[in-house]
Colleague: 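Just passing along the structure, written as structure tokens.
Below, read A as the first sequence line, B as the second, and so on, with proteins coming before strands; counting in each chain starts at 1.
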There are 2 protein chains.
Amino acid sequence: MLHEDVVGRIRAILLDGEITPGARIPERELCERLQISRTPLREALKVLAAEGLVQLLPHRGSRAAKLTDKDMRDLFEVCQGLEALAGELACERISDAEIGAIAAAHDEMVRHYREGDLIQYYRGNRAIHEAIVTAAGNPALTGLYASVTARIRRARYVTPMTPQRWALAVKEHEAILNALQRRDGAGLSHILRAHLRHKREEVLQAGFAETEASDLTLRIA
Amino acid sequence: MLHEDVVGRIRAILLDGEITPGARIPERELCERLQISRTPLREALKVLAAEGLVQLLPHRGSRAAKLTDKDMRDLFEVCQGLEALAGELACERISDAEIGAIAAAHDEMVRHYREGDLIQYYRGNRAIHEAIVTAAGNPALTGLYASVTARIRRARYVTPMTPQRWALAVKEHEAILNALQRRDGAGLSHILRAHLRHKREEVLQAGFAETEASDLTLRIA
DNA sequence: TTTTACATTTTTGAATGCAAAATTTGCGAT
DNA sequence: ATCGCAAATTTTGCATTCAAAAATGTAAAA
């Protein structure tokens, strides 16, 4: 009843950016806060280290994993590959109902775009990508995807979203939905790669930042 | 000095099949054998559970993860996707020296094929695939690939290797090397997918087995 | 003879304790 | 005043201990 939650709670703390990348993770403090002893906490930290969210230094405690630019590029590449694979598989297996749900989510996302609501747009965007991965019907793939996106998201970088980029992203999403509806696996795979590549370029251009999100910037994933 | 090894040693025990899939993992026994207390052992088991090699049942201990046919199919699909991605990236980044090393490994593998040495053939085969993934120069990808192949390998299934299949595999490997030498990413990606698909078909046709490897059968990965 | 209820044993999950390593602090010398 | 070194404190890693849950075994009743 204890250990299962602990991993999730610490993961949430890391993803929320409450402990910033590279910062030390104070065992005693977390123990008090979560009202647990060090044993389950340390077990959880080992698990998170295996996931790549935490870095364990022998006799020097654990830190929130600090990702370099190279690490981010690598993760984006893998994310791209996984999404491309998911897209192909999804086209073979997705049901009409699932396509309908994604189409609905897409329309809602486009509405948020028209309203200029970037936060809701990103939320919808993420939901669509996750739905495609889920539609692949491959739990192993879903798990790896979740792990990779978690690491990317944790990086807490910010990127300016220009009107041009935003318009391009929406356009690409139209193509994604279209390919999905035609169940064109190869096509979808191709579009997803381009889509992710564009996103990656934004991110790497922007670099990392510790600043909070302002009007036109937002951490994405 | 303790915990780092423990995960590796237990992983080795699982990969060697010393604890068969589905079997319970006796904590006390392993503690005595590894000469450690339960704390680091349990930490290691949690890590391996996160990797998918171990299954944790609340208040019922841990078991070596039992993979269903579906699980295997899923893992093969992911493996395919990762290798395809690795192939593309490798073609962009691989050095002439690395290509040379892979070509040498390939020639050696073909020699083992000609000699009918299946065990050495598989060893070489695996080395080549790993070299391609490494050549992608993406540690995140390498890590995920290692995790997926470990889970597949651990399944300890056997598959009969017919002369036809073997010949096809070698032929495909010729194509793989060729695409790599031409740095034809798209082509390599395509070939690797087909290659893995064939391998998967063998495996799923054969199903799982607990029997030991005989002359013409061998567990592969 | 079979089944069910209960007590015992075993095993798991978490807390605490202890030794070693690292960081911090304080003191003295230059 | 600053640098260096050593002692003290903190923190980490592992072992041990303790409580709770599950498995097992036994006995009694149908």
Side-chain angles (χ1 to χ4, degrees), chain A residues 1-67 143 151 154, chain B residues 1-67 143 151 154:
Chain A
M1 198 92 125
L2 217 8
H3 167 266
E4 300 95 71
D5 310 318
V6 175
V7 173
R9 294 188 60 180
I10 300 178
R11 197 190 342 248
I13 289 175
L14 291 172
L15 292 181
D16 286 350
E18 202 170 324
I19 297 178
T20 56
R24 283 194 49 169
I25 297 175
E27 277 192 13
R28 186 157 297 282
E29 221 174 277
L30 267 184
C31 285
E32 288 171 16
R33 173 164 164 190
L34 301 182
Q35 287 296 308
I36 56 173
S37 81
R38 282 180 54 220
T39 306
L41 178 78
R42 287 170 51 76
E43 287 176 349
L45 288 177
K46 294 257 190 325
V47 170
L48 292 168
E51 286 180 22
L53 283 172
V54 167
Q55 220 171 349
L56 259 53
L57 301 105
H59 290 285
R60 280 188 200 174
S62 42
R63 315 180 84 87
K66 178 131 193 161
L67 299 183
R151 275 187 271 178
R154 195 194 79 28
Chain B
M1 198 90 130
L2 217 5
H3 167 266
E4 300 95 71
D5 310 318
V6 174
V7 173
R9 295 188 60 177
I10 300 178
R11 203 196 331 256
I13 289 175
L14 292 172
L15 292 182
D16 286 349
E18 202 170 324
I19 297 178
T20 57
R24 283 195 48 173
I25 297 175
E27 279 191 11
R28 188 155 296 284
E29 219 174 278
L30 267 185
C31 285
E32 288 171 17
R33 173 164 165 191
L34 302 182
Q35 287 296 311
I36 56 173
S37 83
R38 282 181 57 222
T39 306
L41 178 78
R42 289 169 51 75
E43 287 177 349
L45 288 177
K46 296 256 187 325
V47 170
L48 292 168
E51 285 180 22
L53 284 171
V54 167
Q55 221 171 349
L56 262 61
L57 300 104
H59 290 285
R60 279 188 201 173
S62 42
R63 313 180 86 86
K66 177 133 191 161
L67 298 183
R151 275 188 271 178
R154 194 196 79 24

Colleague: Students often get this wrong, so: under 4.0 angstrom with heavy atoms, is L41(A) touching a base, only sugar-phosphate, or nothing?
Modeller: nothing
Colleague: Return the value, rounded to whole Å, for the distance between atom CD of E43(A) and atom C1' of dG13(C).
Modeller: 8 Å
Colleague: What's the shortest heavy-atom distance between G17(B) and T20(B), and which atoms?
Modeller: O-CG2, 3.7 Å
Colleague: If you check the P40(A) side chain, which of dA15(C), dT11(C), dT11(D) turns out closest?
Modeller: dA15(C)
Colleague: So which heavy atom on R24(B) is nearest to which on I19(B), and how close?
Modeller: O-CG2, 4.2 Å
Colleague: Can you measure E27(A) atom CD to dG13(D) atom C1' for me and round it to whole angstrom units?
Modeller: 9 Å
Colleague: In Å, rounded to the nearest 0.5 Å, how long is the span from CD1 of I36(A) to CZ of R9(A)?
Modeller: 8.0 Å
Colleague: Testing the basics here: between L67(B) and R151(B), what is the closest heavy-atom pair and its distance to 0.1 Å?
Modeller: CD1-O, 3.5 Å
Colleague: Let me have the donor-acceptor pairs involving side chains of residues 25-32 of chain A, under 3.5 Å, with sequence neighbours excluded, atom names and distances please.
Modeller:
from   : atom 1 : to     : atom 2 : distance (Å)
E27(A) : OE1    : R38(A) : NE     : 2.9
E27(A) : OE2    : R42(A) : NH1    : 3.2

Colleague: Roughly how many Å is it from CD in E32(A) to C1' in dA15(C), rounded to a whole number?
Modeller: 15 Å
Colleague: Closest approach to the side chain of H59(B), judged atom by atom: which nucleotide of dT23(C), dG13(C), dT12(D) is it?
Modeller: dG13(C)
Colleague: Locate the shortest heavy-atom distance separating V6(A) from P40(A); write the atom from each residue and the value.
Modeller: CG1-O, 4.2 Å
Colleague: Pick out the pairs of N or O atoms, protein on one side and nucleotides 16-19 of chain D on the other, that lie under 3.5 Å.
Modeller:
from    : atom 1 : to     : atom 2 : distance (Å)
dT16(D) : O4     : T39(B) : OG1    : 3.2

Colleague: Nearest-Å distance, CD (E29(A)) to C1' (dT10(D))?
Modeller: 14 Å
Colleague: Taking all non-hydrogen atoms of both residues into account, name the closest pair between L48(A) and V7(A) and its distance.
Modeller: CD2-CG1, 3.9 Å
Colleague: Taking atom P of dT12(C) as reference, at what distance in whole Å does atom CD1 of I25(B) sit?
Modeller: 10 Å
Colleague: Can you tell me how far C1' of dC14(D) sits from CG of L30(B), to the nearest Å?
Modeller: 17 Å
Colleague: Taking CZ from R42(B) and P from dT12(C), how many angstroms apart are they, rounded to a whole number?
Modeller: 8 Å
Colleague: Does a side-chain N or O from R28(B) land closer than 4.0 Å to OP1 or OP2 of dT10(C), or not?
Modeller: no
Colleague: Would you mind classifying the nucleic acid contact of L45(B) as base, sugar-phosphate or nothing, using non-hydrogen atoms under 4.0 angstrom?
Modeller: nothing
Colleague: Could you tell me how far apart Q35(A) (CD) and dA14(C) (P) are, to the nearest whole angstrom?
Modeller: 15 Å
Colleague: Tell me whether the OP1 or OP2 atom of dT12(C) has a side-chain N or O from R24(B) closer than 4.0 Å.
Modeller: yes
